[in-house]
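To keep things clear, I will list the structure first and then write my remarks on it.
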Amino acid sequence: MAKTASFGILHLCTSFGVTYALTGNVAIAGAVTFVEPLVNTVMHHFFDKYWGHPRLQAAWAQLRGRLQSHPQHSQPI
């Protein structure tokens, strides 16, 4: 748990630092620092929910088949 909490703090500090460096505005940097993780959390929920969806799995299988039929492009997915 300590590692996760430390990474969370590091993420917030990085987000603030990068946004402040790009904008020079403390208010914008602060807003981005707290809004981005919230949006990212919601996005992760849907990503995780649909990752194993049968249609997505079928699309991955189809893509793998296409890549295998063209050996010069076959890279592991």
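Along the sequence shown, residues carry numbers from 1.
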- Would a hydrophobic clustering, with Ile, Leu, Val, Met, Phe, Trp and Tyr connected at side-chain separations under 4.5 Å, put Trp60 with Leu67? yes

- Query: Mind checking what makes side chain to side chain contact (heavy atoms under 4.5 Å, CB included) contact with Asn25, not counting sequence neighbours?
  - Reply: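 Only Thr23, Ala27, Ile28 meet the side chain to side chain contact (heavy atoms under 4.5 Å, CB included) criterion with Asn25.
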
- With distance as the sole test, does Ser15 use its side chain to make a donor-acceptor pair with the main-chain N or O of His11 at under 3.5 Å?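 Side chain of Ser15 to backbone of His11: no pair is present.
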
- Message: Quick test of your reading: applying ring-ring contact (aromatic ring centres under 6.0 Å, His included), list the pairs with at least one residue in residues 28-50, sequence neighbours left out, ordered by first then second residue.
- Response: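 Listed by first then second residue: Phe47-Trp51.
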
- Task: Please name the pair of heavy atoms, one in Pro37 and one in Val32, separated by the smallest distance, quoted to 0.1 Å.
- Result: CD-O, 4.0 Å

- Note on the structure: Using a 4.5 Å side-chain heavy-atom cut-off and chaining through intermediate ILVMFWY residues, the residues clustered with Tyr20 come out as Phe16, Val26

- Message: Quick check for you: to the nearest 0.5 Å, what is the distance between Met1 atom CE and Ser6 atom OG?
- Response: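 Spacing of CE (Met1) from OG (Ser6) equals 10.0 Å.
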
